[in-house]
Amino acid sequence: MAENCTRKLIVEICNAKNLMPKDGQGTASAYAIVDFDGQRRRTKTKFRDLNPVWDEKLEFLVHDIESMAAEMLEINLYNDKKMGKRSTFLGKVKLAGSVFVKAGEETLVYYPLEKRSVFSQIKGEIGVKVFYVDEEAPPAPAEPAAEQKAETAEEKPKEEEDKKEENVEEKKEEEEKPKEEPPKEEEKPNPPPAETSKSEDTTAAATPPPPPPEVENPPIAHKEEASSTKVVATKSKAETGKSSQLVINELELRSLSGDHNRIAYDLVDRMPFLYVRVVKAKRANKEPACPLHAKLVIGTHSIKTKSQIDKDWDQVFAFDKEGLNSSSLEVSVWAEEEKKEEQKEGDAAATAATVVVDNCLGAVSFDLQEVPKRVPPDSPLAPQWYSLESEKSPGNDVMVSVWVGTQADEAFQEAWQSDSGGLIPETRAKVYLSPKLWYLRLTVIQTQDLQLGSGSEPKVRSPELYVKAQLGAQLFKTSRTPVGSAWNEDLVFVAAEPFEPFLVVMVEDWSNGQFVGQAKIHVPSLERRTDDKTEPKSRWFNLVGAENKPYAGRIHVRACLEGGYHVLDEAAHVTSDVQAAAKQLAKPLIGLLDVGIRGASNLLPVKTKDGTRGTTDAYVVAKYGQKWIRTRTILDRFNPRWNEQYTWDVYDPCTVLTIGVFDNGRYKRDEAGKPGRDLRIGKIRVRLSTLDTNKVYLNSYMLTVLLPNGAKKMGEIEIAVRFSCSSWLSLIQAYGTPLLPRMHYLRPLGPAQQDILRQTAMRMVTARLGRSEPPLGQEVVQFMLDTDTHVWSMRKSKANWFRVVGCLSHAAILARWLDGIRMWAHPPTTILVHVLLIAVVMCPQLVLSTIFMYAFLILALRFRYRMRVAHNVDLRLSYVDAVGPDELDEEFDGLPTTRSPDTVRFRYDRLRALASRAQTLLGDVAAQGERLEALFNWKDPRATGIFVVVCLFASLLFYVVPFKVFVLGSGFYYIRHPRFRDRSRNGGGAINEEVVPNHYLSTGLQIEAATVAGQLMRKLFQIIFYIQLILISILVIILTIRGFVYAARSTNHFRPEKWYPPLLGSTASAGIVSYLWEWISFHDPSKAIKTAFWVGPFLTCAVGILHILIGCPISSAIGTIAIISSVIQSLYTCWVNPRFDYATKILTVYTSFPPDKTATFVILSIITCLVYSSFLVTGIGGATATGTGLDILFIIVILLTYTWTMQVIKNMLYVTISQVRYMNFACGADMNTWIAFRDTVQHLVGSVCIGSAVVPVIGTIRGSARVMKSVVGGTDEFLFSCADCYSRVASTLITYGNRWGFVHVGIYNKGFMQASADTWGAFKTAELIPLIDSDLTGAFCFFSGVAVGSICTLVGGTWALAIHKSYATEVSIYAFFIGYFICRVALASQQACVSAYYVAYAENPQSLQFDATIPVRIQELLQRYNV
């Protein structure tokens, strides 16, 4: 994480459910206190509500980003003391930092409230969203140059400096080191050769070591650096006064550091390796620039580096010390020189051929007995210069370092390894991660408007349809239903991150086998849920048919990614991971699993080498959770020693570690270039629940592999396992929680469906790991995951049968023991049972305590016989020793079978014989059940009559005889002495009880959503809007500062003290007049309408007169336009005067039942507009101060952005109020205005921005078209045709951009274009277009805005005219803009109510929520225009 990045943790307390009453009156006044990293925040109190809703976001600063996962977030709920005298605690929730997610990935998760103590009375749950946001920190203040340079010099790492600076520093160190610290012989890391000069030793000692290579598994040295970094960070926090502390125990530090492989290497043996690092060479004669390479020779081992020209080799070679057959190492440097040789062929001319010749530049020898040893955490050994011994070319040097280390050395991973074939990628140790898997649930609801068949095909009377969905290679179908019926079926897929782009949903006609259409659902944008408390939103998708059918109907589906499940990719009884897919539901870390893979012994050859002898190239794969590890491959050894150690995080103790051994065949390729296959050697499994904590288990396990010719023992593997757990409490708590996430129990998947999904997940994991580099072979992953568990096998069936018999054997033992008691096989025991029976009957309250005490004593006695060694799979349980060859051949036979018909017939007959036994058993059970049912249904009258009489006498008997006497007598009779027992024994039967699960089908509110393209467009406009706000703010600040600087000059004509007050005063008057006008229209709509239409023209005329009085040409032109406009307004008022009564009735919709908190929203909107207008006024004044051409452009840009922003503010209020009123008109529900506003801000800003830009333009076009058509009439045919064409264009445009579309934007979350089209279509269907055109609500708001703008113009213009005449024109223009828009914002709520009224009526004209206002008006219009 970058140092200049700060992180904030956002905790959104949404709501709580079913709280415990605490105030003594059956309710509770709850509030939440949230603590995180020494910071505390508190929510508001929700009075007298057991299901409070807060929806509050609390921010916390993350002091240390690296240790955030170790922090705990604690949420405590309390009852407000002011409302009750009882206990105030309502519950708490603790969340680990590891479950926090990034912003955008959060989901609402409900956590059950926990008790503070054993005696706390707590119930309920709380819904929380937790996410973090990374923000760029502001730049640090400038510091003096000297200090800045000093800090830069201290902080800048050496490896990032330029090469020239390194050379200078090396020279300085070479000159200074002999003076400061003379070299010591015993401290030299490498023994120099005899002829190495002293100056060269000094130069080598002074040379700084190059940075160590990056390896996949960082060494201990890296861990110490990370630890020291954390300590420094902690100190700096303490110095700056921050109170947070870095509290990470050793277990968590090991888990977070990622240095699992080399923490201690305490579970494996240290393997000595001879490390040779060859860095570079230096030639005395550099004239012939030719490639150089170094050659290392140790006895029979010979290896050379890559050839380089003027570049460093910097290669490390690791030789297994046990495999060395010499005591000396020779390092030589060779130059690859090109020489030309003349060749003659017959009589032809001599030709010159270029031949590459290796020329030795010298060699240096090392005695391996004197090579120093290095064990991490020692620092890397610095390479030194050594002179090469050569008679032909003296003066050459090579930089080499030689040491003896272990496999824990940081250079081991990237080194050339002698025991694994060198630098072959397929033989290196690697760590793999399984893909993150999700369940994708697709609920197919119904289809509509389907275009079935074509004209040439005969139509089926009752066609049947089915839906087919495909995600990648997964394909599922629904059942067949008639057209018009609903499916309501769930199709569940497995999705892996990164997700497939689209889920394809296809509708097909089963009756004639025709394809109807398909729709594509974007998978990455699907909703992710963690529980079943909320259903995802359903959506309609258009179906695309064949090429000649762009629209084939639509389908209604609901799709989401299920994060509350764990996607099983292993067999359920050997799973190693039970974590939910959603990170928010992650279980807390309870410990670490350390596994040391030491080696194998007595492995059998599995292939031949060179066709002469057998060989094995063994490696180990271990899997636990999502982490797979693969050791390096030891070539051509039957007793390989890996000695590699790995660590996994453990979240549940009831999991299994799987370890498999394989022979590597992929590092060799055949003649076609294809890699071979890896062969199985064996597999073992270790259950973590059988391991004691913090104890090392070092054992050898037999490796057995099942082959077509039978089970074969392939050798033994030696591993060391340790399960570390620092907290017994967390371990015990893990046993008390369900194994799988809650969704598996709340909404379980069927066994057959679960098996299909498991097989799909296995194939996905196999494919993903097979695409890694180097790939983990398909055969390896399938063997580790047991992908063939679903395949029929006689051996597995027998093994499972005997496993069931083994589990039931305890019941058989108990039955034999009771029979022995009954038969008095051991009389003292039977007498004791008599006494126990009497005690139980006389004191029944001791029954359960006696049973559990007996179980305790039995288990306590068996503790001493517990297994001390982590056991592996018992071969007898897997039945591999007693399986026949034909059964093995059947198990290895694939699907479909490849065996001969006679073999298949034999196996089929055998399977029929087994099935007949199962059939007979089921028949016997069914017969007994039918006999019992016949007893109660009088199918056998005599038996039922006898049973009725027995029941009557039994009821009388049990009424007279006490139950204790009956139990005691029955017990004595059962265990009576054999002398008093008849020799004949009656058999008994058992009743098989069945439990029928209940299935619930829940449907939610069907809310349509926009398409992917629409969502992108909305997001784009939202981003553009926010960017323009930021840019215009920056521009205004710059212009304001520059304007005041220019105004301070004596030569400048701009006077801010005379320019700003009139304009700011008119801005303030705009806010006051707008609020008063909104108040008047609310209390008396009739007077407000008449005033707006009749007084408005006079105010406009007054503005024109004012501008004419100013006297400048521009002002005179504006005044003339204003006077003409006033005349037009007067004529329009006279024309629409008959509509005033209807307009007054419509406005009473708002005044009769105004939405809650409307006045608050209006006041806040007006204040926001005033602040924003005043802010932009300062920028306009700054641009006016200079008055250049560019500044005029700035003013135009400011006015345009001001227009768009004010439209957005107005329409945000419009959408919010229209949501509330629509819900009231449509279904009589009262919606919270604050919730509607929150939804608008969170989800609808993009659509509002689009509509704010489109509606004014389209509205102006349509208004001008209507005016043109009414003015032209039918006098001129050409003008009439032009006006009619223009009107048609305007009518088309209004369909896709009208203000009534904002209602559907708020209600259905549609895109603005789609919402406008649907709304206008509803108007056409309800025949409301003439009524909409004649409505005066929009004209009233427009005239009101003009009137308020005119008042502001008169205020600002008169003021400016009085103090500075030259400013009057521009001040009056800006004042008019400000007054007009602020008034439109103030009246947005009224216009929204009227629009919601029209839209709700158009969708359901028969609703009882509406009176006869609209129908009566429609009849009037029809009569007037004779329509």
**Message:** Please report the interatomic distance CE(Met842) to CD1(Ile838), rounded to the nearest 0.5 Å.
**Reply:** 9.0 Å

**Message:** In the structure I gave you, are the side-chain heavy atoms of Tyr565 and Leu749 within less than 4.5 Å of one another anywhere?
**Reply:** yes

**Message:** Any carboxylate oxygen within less than 4.0 angstrom of a Lys/Arg side-chain nitrogen, looking at Asp49 and Lys46?
**Reply:** no

**Request:** Apply the test salt bridge (charged side-chain N to carboxylate O under 4.0 Å, His left out) to residues Glu114 and Lys94: give CA-CA distance (whole Å), side-chain angles for both, the deciding distance (0.1 Å), then the verdict.
**Result:** CA-CA 9 Å; Glu114 301 175 359; Lys94 287 186 176 181; over 6 Å; no

**Prompt:** Do the charged groups of Arg441 and Asp532 touch, with an N to O distance under 4.0 Å?
**Reply:** no

**Request:** Mind checking the CZ-OG spacing from Arg687 to Ser576? Nearest 0.5 Å is all I need.
**Result:** 11.5 Å

**Heavy-atom side-chain proximity of Val804 to Leu808 below 4.5 angstrom** = yes

**Message:** Tell me whether Lys587 forms a cation-pi arrangement with Tyr651, defined as NZ or CZ under 6.0 Å from the six-membered ring centre and within 45 degrees of its axis.
**Reply:** no

**Distance-only donor-acceptor check, side chains Thr658 and Tyr624, under 3.5 Å** = no

**Request:** Go through the side-chain N and O atoms of Thr481 and Trp487 and say whether any donor and acceptor fall under 3.5 Å apart.
**Result:** yes

**Asked** Any side-chain donor paired with an acceptor under 3.5 Å for Asn15 and Tyr110?
**Response** yes

**Message:** Using side-chain heavy atoms (C-beta onward) and a distance below 4.5 Å, is Asp652 in contact with Ile590?
**Reply:** no

**Message:** So Tyr735 and Ser689, do their side chains get closer than 4.5 Å, heavy atoms only?
**Reply:** yes

**Asked** Would Tyr697 and Phe723 count as a close aromatic pair, with their ring centres under 6.0 Å?
**Response** no

**Message:** What verdict does the salt bridge (charged side-chain N to carboxylate O under 4.0 Å, His left out) test give for Asp786 and Arg758, after you've listed the backbone C-alpha separation in whole Å, the side-chain angles of each residue and the deciding distance to 0.1 Å?
**Reply:** CA-CA 11 Å; Asp786 284 339; Arg758 182 188 298 114; over 6 Å; no

**Side-chain heavy-atom pair Ile831, Pro828 within 4.5 angstrom cut-off** = no

**Request:** Taking Asp80 for its side chain and Thr45 for its backbone only, find out whether a donor-acceptor pair lies under 3.5 Å.
**Result:** no

**Asked** How long is the span from the CZ atom in Phe89 to the CD1 atom in Ile122, to the nearest 0.5 Å?
**Response** 5.0 Å

**Asked** In terms of heavy-atom contacts, does CZ of Phe972 have more than 12 from other residues, nucleotides or ligands at under 6.0 Å?
**Response** yes

**Message:** As an exercise, state the distance from CE of Met20 to CG of Leu113, rounded to the nearest 0.5 Å.
**Reply:** 10.5 Å

**Asked** Please, which pairs that meet salt bridge (charged side-chain N to carboxylate O under 4.0 Å, His left out) have at least one residue in residues 564-579, sequence neighbours excluded?
**Response** Glu570-Lys623

**Asked** What about the rings of Phe958 and Phe966, do their centers lie closer together than 6.0 Å?
**Response** yes

**Request:** Kindly check if the number of other-residue, nucleotide or ligand heavy atoms within 6.0 Å of OH (Tyr973) is above 12?
**Result:** no

**Message:** Distance check, rounded to the nearest 0.5 Å: Leu568 atom CG versus Leu757 atom CG?
**Reply:** 9.5 Å

**Message:** Return the CG to OG1 distance between Asn488 and Thr443, rounded to the nearest 0.5 Å.
**Reply:** 8.0 Å

**Request:** Taking atom types as modelled, find out whether Asn76 and Glu74 have a side-chain donor-acceptor pair closer than 3.5 angstrom.
**Result:** yes

**Message:** Does the plane of the ring in Phe947 sit parallel, tilted or perpendicular to the ring in Phe936? Use 30° and 60° as the thresholds.
**Reply:** perpendicular

**Item:** Residue pair Tyr78 / Ile33, side-chain heavy-atom distance below 4.5 Å
**Value:** yes

**Request:** For Arg910, look at atom CZ and say whether over 12 heavy atoms of other residues, nucleotides or ligands are found less than 6.0 Å away.
**Result:** yes

**Request:** Show the numbers, then the answer: is there a salt bridge (charged side-chain N to carboxylate O under 4.0 Å, His left out) between Arg747 and Glu535?
**Result:** CA-CA 13 Å; Arg747 199 169 180 178; Glu535 286 290 340; 3.7 Å; yes

**Asked** Pairs in or reaching into residues 938-948: which pass side chain to side chain donor-acceptor pair (under 3.5 Å), with residues at least two apart or in two chains?
**Response** none

**Prompt:** Near Gln733 CD, under 6.0 Å, is it more than 12 heavy atoms from other residues, nucleotides or ligands?
**Reply:** no

**Message:** I want to check something: taking the side chain as every heavy atom from C-beta on, are His566 and Tyr439 in contact at a cut-off of under 4.5 Å?
**Reply:** no

**Asked** Should we count CE of Met853 as having more than 12 external heavy atoms under 6.0 Å?
**Response** no

